[in-house]
Structures are given as C-alpha cells and as structure tokens.
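Quick notes on the structure that follows.
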Amino acid sequence: MGAVTPPTDRTPKQDRSRATRRRLLEAAVACLAEHGWAGSTVSVVAERAGVSRGAAQHHFPTREDLFTAAVEYVAEERSAALRALPVQGRAEVVAALVDLYTGPLFRAALQLWVAASNEEQLRPRVTELEARVGRETHRIAVELLAADETGPGVRETVQGFLDMARGLGLANVLTDDTARRRRVVAQWALLLDEALG
C-alpha cells in the first residue's frame, strides 16, 4: 500500500511566480515615479518588492526588460479600469482620461521617455511601447466619448484632447496643478460636447 501525501496549504509554484512578477512590476513603476531612471535599479526594485535580486532577474533579465514591462503592465491595468467605467457624461469621462496623465504611471512613463532619449538600447522599446499605449488610449477615448470618427475632424479632436491631457500631466509634475486643471478639464468637456455632438 502506497503512502498518501497529505494536502498542503502551499500556493502552487505558478501562482507564486505570477505574484512575484506582479510585485516586481508594481515596485518598478513606484520606483520610477519616485526616484527617476537614475535612482531605479533592479536591486532597489527587488528590495521594494520583497524579493531577491536573483528572483527579479529570473523574471526580467535586464533593467530595460523590467521597466518597460512595468509601464506596459500598469498601462494595461489602467486601460482595463477605464473600459470598466460605467456609462457617464462627457465631463466625467474627460476627467477620468485626464487622470491617466496625472498619476504615478505617467510619472514613470515620463522617466522612461527621458531615459530613452539618452540611451540608444532603450529608445526603440519605449517608442514601440508608447505607440501601442497611445493607440489603445485613443481607442478607449473614442469609445468612452461616443465619438464618431467618420465625421470630419473628430479623430483630430480626440487626439488633440489627449495631447492636452498629457500637457496637463506635465504641468502637474513639478507642482500641484489641481485647481487650474479642474477649470481646464471643465472647459474641454464643454468643447468636446460641442465638437462631438
């Protein structure tokens, strides 16, 4: 008669691996947003995530792998949250889309952009990532704003709004721009209502 192995409470290895990867990605975004590219190393991220440097490098062999994956991960999470928004008026949608550019994800992405402008090996990865994130954000904006892009100028209006939102995010990097941003967002909501019908 064979021995019976008692059930264990241990989490399966695959689940632990996914959880470790998620912690590393979230820690990487937080580090980029708080410390910039120069202050965000694999060791710093691993410590913040509560894992060994070896575990971090198992999941992400290079620093560039880690940070581009981190920004992509959070962008996907944010896109999913935006797609899950209940149907609202344009003012609420405009505010939610502007919020994309005023939080830690935008700060982290901004640090990656600056690093990519100076680091040749990082530039193509960040350029491709930003193009993908930009296309997805535009698609979500069109959907949430109920914009009919077959109309003349509608695509450009939506893209102009997203470019304005990015500018508001930049203005918020150095100082808290909340009061002015609220007024601008309210005005853009009115303009979009008028332009999009």
Side-chain angles (χ1 to χ4, degrees), residues 22 25-26 28-34 36-37 64 67-117 122-197:
R22 187 177 59 251
L25 294 172
E26 290 169 355
V29 168
C31 285
L32 268 180
E34 292 171 19
W37 178 255
E64 291 79 12
F67 289 106
T68 54
V71 171
E72 184 172 24
Y73 165 76
V74 178
E76 288 169 2
E77 292 290 305
R78 184 66 179 148
S79 293
L82 281 173
R83 281 194 291 280
L85 283 174
V87 175
Q88 306 178 54
R90 281 211 176 105
E92 292 83 10
V93 169
V94 168
L97 288 165
V98 168
D99 283 348
L100 272 178
Y101 297 99
T102 56
L105 169 62
F106 181 74
R107 285 180 182 269
L110 186 58
Q111 293 297 328
L112 265 185
W113 296 347
V114 171
S117 72
L122 188 58
R123 186 175 304 136
R125 297 177 76 169
V126 173
T127 301
E128 190 272 330
L129 171 63
E130 283 305 314
R132 255 188 306 129
V133 169
R135 285 189 301 271
E136 179 64 11
T137 303
H138 185 96
R139 265 193 299 274
I140 292 169
V142 166
E143 184 181 316
L144 292 174
L145 292 167
D148 178 5
E149 286 194 306
T150 61
V154 171
R155 178 171 183 71
E156 293 78 10
T157 299
V158 172
Q159 192 57 53
F161 158 65
L162 292 173
D163 291 343
M164 181 276 309
R166 186 178 300 114
L168 289 174
L170 283 171
N172 198 57
V173 168
L174 296 176
T175 61
D176 183 0
D177 199 36
T178 305
R180 185 181 75 85
R181 188 171 62 248
R182 270 195 216 111
R183 293 190 304 273
V184 172
V185 167
Q187 183 61 32
W188 263 89
L190 292 173
L191 292 171
L192 285 171
D193 263 342
E194 196 174 297
L196 302 178

Could you report the tightest heavy-atom contact between [X] and [Y], atom names first, then the distance?
X      : Y      : result
Ala147 : Val158 : CB-CG2, 4.0 Å
Asp177 : Asn172 : N-OD1, 3.0 Å
Val98  : Ala165 : CG2-CB, 3.9 Å
Leu168 : Val185 : CD1-CG2, 4.2 Å
Ala189 : Ala91  : CB-CA, 3.7 Å
Gly197 : Arg90  : O-NH1, 3.0 Å

Stepwise, does the salt bridge (Lys or Arg N to Asp or Glu O under 4.0 Å) test hold for Glu136 with Arg132? CA-CA 6 Å; Glu136 179 64 11; Arg132 255 188 306 129; over 6 Å; no
Applying side chain to side chain contact (heavy atoms under 4.5 Å, CB included) to Arg135 and Arg139, what does each step give before you reach the verdict? CA-CA 6 Å; Arg135 285 189 301 271; Arg139 265 193 299 274; 4.2 Å; yes
Passes side chain to side chain contact (heavy atoms under 4.5 Å, CB included), Leu32 versus Val71? Steps please. CA-CA 9 Å; Leu32 268 180; Val71 171; 4.3 Å; yes
Residues Leu162, Tyr101; criterion side chain to side chain contact (heavy atoms under 4.5 Å, CB included); working and verdict: CA-CA 9 Å; Leu162 292 173; Tyr101 297 99; 4.3 Å; yes
Aromatic plane relationship, Phe161 with Trp188 - under 30° parallel, 30 to 60° tilted, over 60° perpendicular: tilted
Before you tell me yes or no, could you show the steps for Leu112 and Phe67 under side chain to side chain contact (heavy atoms under 4.5 Å, CB included), namely the whole-Å CA-CA distance, both residues' side-chain angles and the distance that decides it to 0.1 Å? CA-CA 8 Å; Leu112 265 185; Phe67 289 106; 4.0 Å; yes
